[in-house]
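Have a look at the structure below, then the notes.
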Amino acid sequence: MDNYDTLTITEATAIQKDLRQRVDTADRPLAIRLIGGADISLNLYSTTIYAGIIVLSFPELRPVGWSLVQAETRFPYVPGYLAFREVPALVAAWKQLPEKPDVLVIDGHGIAHPRRMGIAAHFGVETGQASMGCAKKLLTGSYQEPGLAVGSYSPILAGTEQIGYAFRSKTKVAPVFVSPGHRVGMDNSLAVIRQCVGRYRIPEPTRLAHELVNRFRRSELAEGWSAC
DNA sequence: GCGACAG
DNA sequence: ATCTTGTCGC
């Protein structure tokens, strides 16, 4: 229950079904002072992963610190089971943060997942922290193309159930897909991401986290915690 | 059975 | 996920 490396897909599926019963996706007033971005980086064919979390002031979106952790993963990348590969390292990076952000945006989906337990929801339930997902590609569900103007959005549907939003972060550019993780509601997830848009398609939390872990993988940064 | 398939 | 330069389009 602590090491995911030897799990079978059947066992992983059972864990997702169990975690699903504990997710809290109710909308609520969010008072955000700090927001985090989480991502991992790796070399092709390597079992070593570089996980990182960057913390930004909100709503200014200025980096205030980060946490980096190098780890080994045995669990392969299997669509629908990304959490079993990346969450352990992200949790280690999370625990290392001296001050936790109010909401963590993770690269990947929240409940926009076949069993409503994508990496962001999984991480949130496991740590008890508010989290949401922001992915570059759809995993499951369908959506109508949002208007071409920045800020446009449309719901991601799984039958009649809404599981997220397709959000246009840049005019005439492919949308990003956001969804609640834990302790963040559907509308909350959209409101948060709207306030995280900088000059690029990828919202600042995950964009900066991606940049961070890549520099870490290339040995330009050291493992551990650092303030900006 | 067939196609789809986060990072 | 990662490897990479130029090039098309607004």
Side-chain angles (χ1 to χ4, degrees), chain A residues 4-5 7 9 12-13 15-16 19-20 23 37-54 68-91 93 104-125 131-143 147-150 156-159 163-182 189 193 199-203 205-220:
Chain A
Y4 289 152
D5 293 352
L7 289 180
I9 292 298
T13 300
I15 290 174
Q16 292 181 329
L19 292 176
R20 180 178 183 174
V23 202
D39 192 19
I40 68 108
S41 179
L42 51 77
N43 287 310
L44 204 52
Y45 307 130
S46 171
T47 56
T48 300
I49 62 175
Y50 303 84
I53 294 177
I54 187 154
L68 295 168
V69 167
Q70 181 178 328
E72 291 296 311
T73 329
R74 301 285 187 219
F75 203 96
Y77 167 67
V78 180
Y81 299 87
L82 179 65
F84 297 92
R85 182 171 165 73
E86 305 187 353
V87 162
L90 288 178
V91 169
L104 182 65
V105 182
I106 302 177
D107 191 4
H109 294 286
I111 63 168
H113 175 279
R115 290 165 295 286
R116 311 293 178 267
M117 194 45 63
I119 187 170
H122 188 129
F123 177 96
V125 174
S131 62
M132 60 171 280
C134 180
K136 297 176 287 298
K137 294 188 295 190
L138 198 64
L139 170 62
T140 192
S142 59
Y143 68 99
L148 295 180
V150 59
I156 299 173
L157 302 175
I163 57 178
Y165 279 109
F167 174 71
R168 192 84 67 188
S169 52
K170 290 274 291 181
T171 298
K172 295 180 182 177
V173 169
V176 291
F177 306 93
V178 301
S179 59
H182 184 53
S189 69
I193 218 64
R199 56 181 297 194
Y200 305 92
R201 175 196 177 214
I202 306 303
T206 43
R207 186 183 73 80
L208 293 174
H210 190 262
E211 193 173 83
L212 178 76
V213 293
N214 273 328
R215 296 200 310 179
F216 176 37
R217 177 173 54 82
R218 298 173 198 141
S219 302
E220 291 170 27

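Letters go in sequence order (proteins before strands), and every chain restarts at 1.
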Each nucleotide of nucleotides 5-10 of chain C classed B (base within 4.0 Å of a protein heavy atom), S (only sugar-phosphate) or -, in 5' to 3' order, makes ------
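- One interatomic measurement links the two molecules: CZ of A:F84 to P of C:dA1, which rounds to 20 Å at whole-angstrom precision.
- The side chain to side chain donor-acceptor pair (under 3.5 Å) check on A:S46 picks up nothing, with sequence neighbours excluded.
- Nucleic acid contact class of A:H210 (heavy atoms, under 4.0 Å, all strands): sugar-phosphate only.
- A:K136 pairs by the side-chain contact (heavy atoms from CB on, under 4.5 Å) definition with A:D107, A:R201, A:I202, not counting sequence neighbours.
- No donor-acceptor pair closer than 3.5 Å links the side chain of A:H109 to the backbone N or O of A:R116.
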Dot-bracket assigned to DNA chain B with the 3.5 Å Watson-Crick/G-U criterion, [ ] for crossing and | for other-strand pairs, is .......
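- For A:N214, the side-chain contact (heavy atoms from CB on, under 4.5 Å) partners at least two apart in sequence or on another chain are A:S41, A:H210, A:R217, A:R218.
- Applying the side chain to side chain donor-acceptor pair (under 3.5 Å) test to A:H122 and every residue at least two apart in sequence or in another chain returns A:Y4, A:E126.
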Show every donor-acceptor pair shorter than 3.5 Å between a side-chain atom in residues 79-89 of chain A and any protein atom, with sequence neighbours excluded, or say none if there are none.
from  : atom 1 : to     : atom 2 : distance (Å)
A:Y81 : OH     : A:T13  : OG1    : 2.7
A:Y81 : OH     : A:R115 : NH2    : 3.0
A:R85 : NH1    : A:F75  : O      : 2.9

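- Atom-to-atom distance recorded for A:I163:CD1 and A:L139:CG is 8.5 Å, nearest 0.5 angstrom.
- DNA chain C forms no stem, meaning no run of 3 or more consecutive Watson-Crick or G-U wobble pairs whose two key distances fall under 3.5 Å.
- Scanning for side chain to side chain donor-acceptor pair (under 3.5 Å) contacts around A:S142 gives an empty result, with sequence neighbours left out.
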Protein-proximity profile, nucleotides 1-7 of chain B, B/S/- by nucleotide at the 4.0 Å heavy-atom cutoff, equals ----BBB
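- For C:dT2, one of the phosphate oxygens OP1 or OP2 lies less than 4.0 angstrom from a side-chain nitrogen or oxygen of A:N214.
- Side chain of A:S131 to backbone of A:H182: a donor-acceptor contact under 3.5 angstrom is found.
- Taking 4.5 Å as the limit, every side-chain heavy atom of A:L212 sits out of range of all side-chain heavy atoms of A:D39.
- For A:A120, the side-chain contact (heavy atoms from CB on, under 4.5 Å) partners are A:I106, not counting sequence neighbours.
- For A:Q70, the side-chain contact (heavy atoms from CB on, under 4.5 Å) criterion is met by A:T48, A:Y50, A:F216, A:E223, not counting sequence neighbours.
- Of the options A:Y165, A:Y143, A:F167, a ring pair (Phe, Tyr, Trp, His ring centres under 6.0 Å) to A:F177 is made by A:Y143 and by none of the others.
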